[in-house]
Amino acid sequence: MNFTQLTQKALLPFIMSSFLFGATDVSSTNQSLRELPSHYNMIVALYGRPHAKMLGTLGQQPLDQTIEMAKKKAKIYEEAWGTGKHVTPGFDLIYEMATASPGKDGKYVIRLKESVLKQYIDEAHKNGIVVFIDVQLGKRTPAESVRPLLKYLKYDNVHIAVDPEFSVDNLSVRPGKKIGSITGPQINEVQDMMRDYIRSNGIENDKILLVHMFTENMVTQKKAIRYTDRVHLVMHLDGHGSPALKIRIYNGLYNEARASKVVGGFKVFYKQDKPMMTPKQVLGLEPVGKSRVRDMPRVITYQ
């Protein structure tokens, strides 16, 4: 991450004052949608793409080892939390990966083979692991990227994640040249699609829509974002850097008012975070110097 991006992060708490304060229609009084689905207390997930070592820890070893790593990491958080509540292990799996070349369809993304995705979903399900199917968008809208994935919501352990960073649908550059963005109405469109699929297919459990972000502009028209029945929205802080910087931004995003409206997420980087925060520090149970996470994140990922 360059200095400009780092500066944006440092300023983020001061420019997020309108985040998720609008649109009080559609289940806005439903407290349950401001939390994870009731069958989850907390999720701790490994991030990456199968067989792609450079993209995160999920793809740096065979699947059986990844499963054991995820279980171990969740157990560490369970012990750090100290409440006796179960922490669910997870995979945040990059299904749709942004690329520098447009490809045959001109969309600047490569999708994972469905056979590989299905293998990870099935093995994760056998081992009590949730899977976030993550899309990096490129020249596709969030709805265009998510629509083919709705069929996987029939699996109890599958949820959806959207990464605006590589969205260039409204830009004249390739992914990675500029930090991309999506809009509040686009988030609503995905939530509505998920809700409709859940209802029409008689799916019992609610689902999670996780949205990655590390700058204010990665989600525009935030006042339009609304609650949608059966879908729990997580805004996931992805920035890397010093613990003090990460905590300052997280606390700015998830002050008491915002935490009452949306679930918080926190990413830890094995290599880029110096020093790497401990589980108790991530959960706000211990300070880092004079800084402390105020509102406990409920989805934590490791890259």
Side-chain angles (χ1 to χ4, degrees), residues 20 22-40 43 45 88 90-96 105 107 109 111-126 128-164 167 169 182-212 219 221 224-236 261-263 265 298-299:
L20 286 175
T24 56
D25 61 335
V26 188
S27 300
S28 62
T29 59
N30 188 343
Q31 179 64 32
S32 68
L33 292 180
R34 302 170 188 177
E35 303 168 351
L36 291 178
S38 59
H39 48 296
Y40 300 127
I43 298 170
T88 303
F91 294 160
D92 186 354
L93 185 151
I94 305 169
Y95 168 74
E96 187 182 73
D105 61 1
K107 298 298 185 180
V109 290
R111 287 173 167 167
L112 190 69
K113 289 183 179 179
E114 295 212 15
S115 60
V116 177
L117 175 60
K118 187 65 164 53
Q119 178 191 16
Y120 272 71
I121 291 172
D122 288 344
E123 292 303 313
H125 188 268
K126 293 175 186 176
I129 296 173
V130 303
V131 178
F132 291 97
I133 306 179
D134 210 316
V135 292
Q136 294 186 342
L137 302 177
K139 284 285 185 182
R140 288 193 174 96
T141 67
E144 288 171 340
S145 289
V146 171
R147 187 171 288 109
L149 302 176
L150 293 175
K151 62 186 178 182
Y152 294 106
L153 294 179
K154 65 185 179 183
Y155 296 97
D156 292 341
N157 63 326
V158 171
H159 306 277
I160 301 294
V162 175
D163 191 348
S167 172
D169 188 46
I182 60 176
T183 69
Q186 286 179 322
I187 290 174
N188 291 339
E189 184 178 11
V190 172
Q191 291 189 106
D192 289 347
M193 288 169 48
M194 292 174 65
R195 176 205 60 206
D196 292 347
Y197 187 88
I198 291 166
R199 286 177 174 174
S200 63
N201 287 273
I203 295 171
E204 181 179 352
N205 293 326
D206 288 0
K207 295 295 181 177
I208 300 168
L209 174 61
L210 185 150
V211 179
H212 296 278
V219 178
Q221 296 176 254
I225 297 174
R226 53 173 164 72
Y227 296 110
T228 304
D229 190 39
R230 306 297 308 278
V231 179
H232 300 245
L233 184 64
V234 176
M235 303 305 284
H236 195 270
K261 296 177 179 289
V262 65
V263 182
R298 295 299 172 141
V299 179

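Here the structure is a predicted model, which means the values were calculated and not measured.
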Notebook entry, point to check: Between R298 and E35, does a side-chain contact (heavy atoms from CB on, under 4.5 Å) hold up when you go through it step by step?
Noted result: CA-CA 8 Å; R298 295 299 172 141; E35 303 168 351; over 6 Å; no

Note to self: Quick one, L112 with L93, criterion side-chain contact (heavy atoms from CB on, under 4.5 Å). Give me CA distance, side-chain angles, the key distance, then yes/no.
What the structure shows: CA-CA 10 Å; L112 190 69; L93 185 151; 3.7 Å; yes

Next item on the list: Step by step, work out the side-chain contact (heavy atoms from CB on, under 4.5 Å) result for R140 and V146.
Entry: CA-CA 10 Å; R140 288 193 174 96; V146 171; over 6 Å; no

Margin query: side-chain contact (heavy atoms from CB on, under 4.5 Å) for Y197 and I203? Distances and angles first, verdict last.
Written below: CA-CA 8 Å; Y197 187 88; I203 295 171; 3.8 Å; yes

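Taking every heavy atom of both residues into account, D92 and A161 meet most closely at OD1-CB, 4.2 Å. Closest of all the heavy-atom pairs between P142 and L137 is CA-CD2, 3.7 Å. Contact record, A224 with P185: CB-CD, 3.8 Å, taken as the closest heavy-atom pair. Heavy-atom minimum distance, D206 versus H39: O-CE1, 4.1 Å. Between I121 and V131, the closest heavy-atom pair is CA-CG2, 4.2 Å. Taking all atoms of both residues into account, the shortest heavy-atom contact from G265 to V234 is N-CG1, 4.1 Å.
Evaluation of the ring pair (Phe, Tyr, Trp, His ring centres under 6.0 Å) test over residues 130-154, restricted to residues two or more places apart or in two chains, returns F132-H159.
Although no hydrogens or angles enter the test, the distance criterion places a donor-acceptor pair under 3.5 Å between the side chain of R230 and the main chain of E204. A donor-acceptor distance shorter than 3.5 angstrom exists from the side chain of N157 to the backbone of I129, with no hydrogens or angles considered. With hydrogens and angles ignored, the 3.5 Å screen pairs no side-chain donor or acceptor of D156 with any backbone N or O of N205. Put simply, the side chain of K207 never gets that close to the backbone of M194: no donor and acceptor are under 3.5 Å apart. Under a 3.5 Å cut-off, the side chain of E96 and the backbone N or O of G138 do not form any donor-acceptor pair.
Ion pair K139/D105 not flagged as a salt bridge, since none of the NZ, NE, NH1 or NH2 atoms sits closer than 4.0 Å to an Asp/Glu carboxylate oxygen.
A heavy-atom distance below 4.5 Å is found between the side chains of V219 and I225. Residues I160 and L210 are not in side-chain contact: their nearest non-hydrogen atoms beyond the backbone lie 4.5 Å or more apart. Residues I208 and I43 form a side-chain contact, since some pair of their non-hydrogen atoms from C-beta on lies under 4.5 Å apart. Two residues are said to be in side-chain contact when any heavy atoms from C-beta on lie closer than 4.5 Å; V190 and V211 fail this criterion.
Every residue was checked against the ring-ring contact (aromatic ring centres under 6.0 Å, His included) condition with H232, not counting sequence neighbours, and none meets it.
Note that CG of L117 is 4.5 Å distant from CD1 of I133, once rounded to the nearest 0.5 Å.
Only one option out of R195, R199, Q191 pairs with D229 in a side chain to side chain donor-acceptor pair (under 3.5 Å); it is R199.
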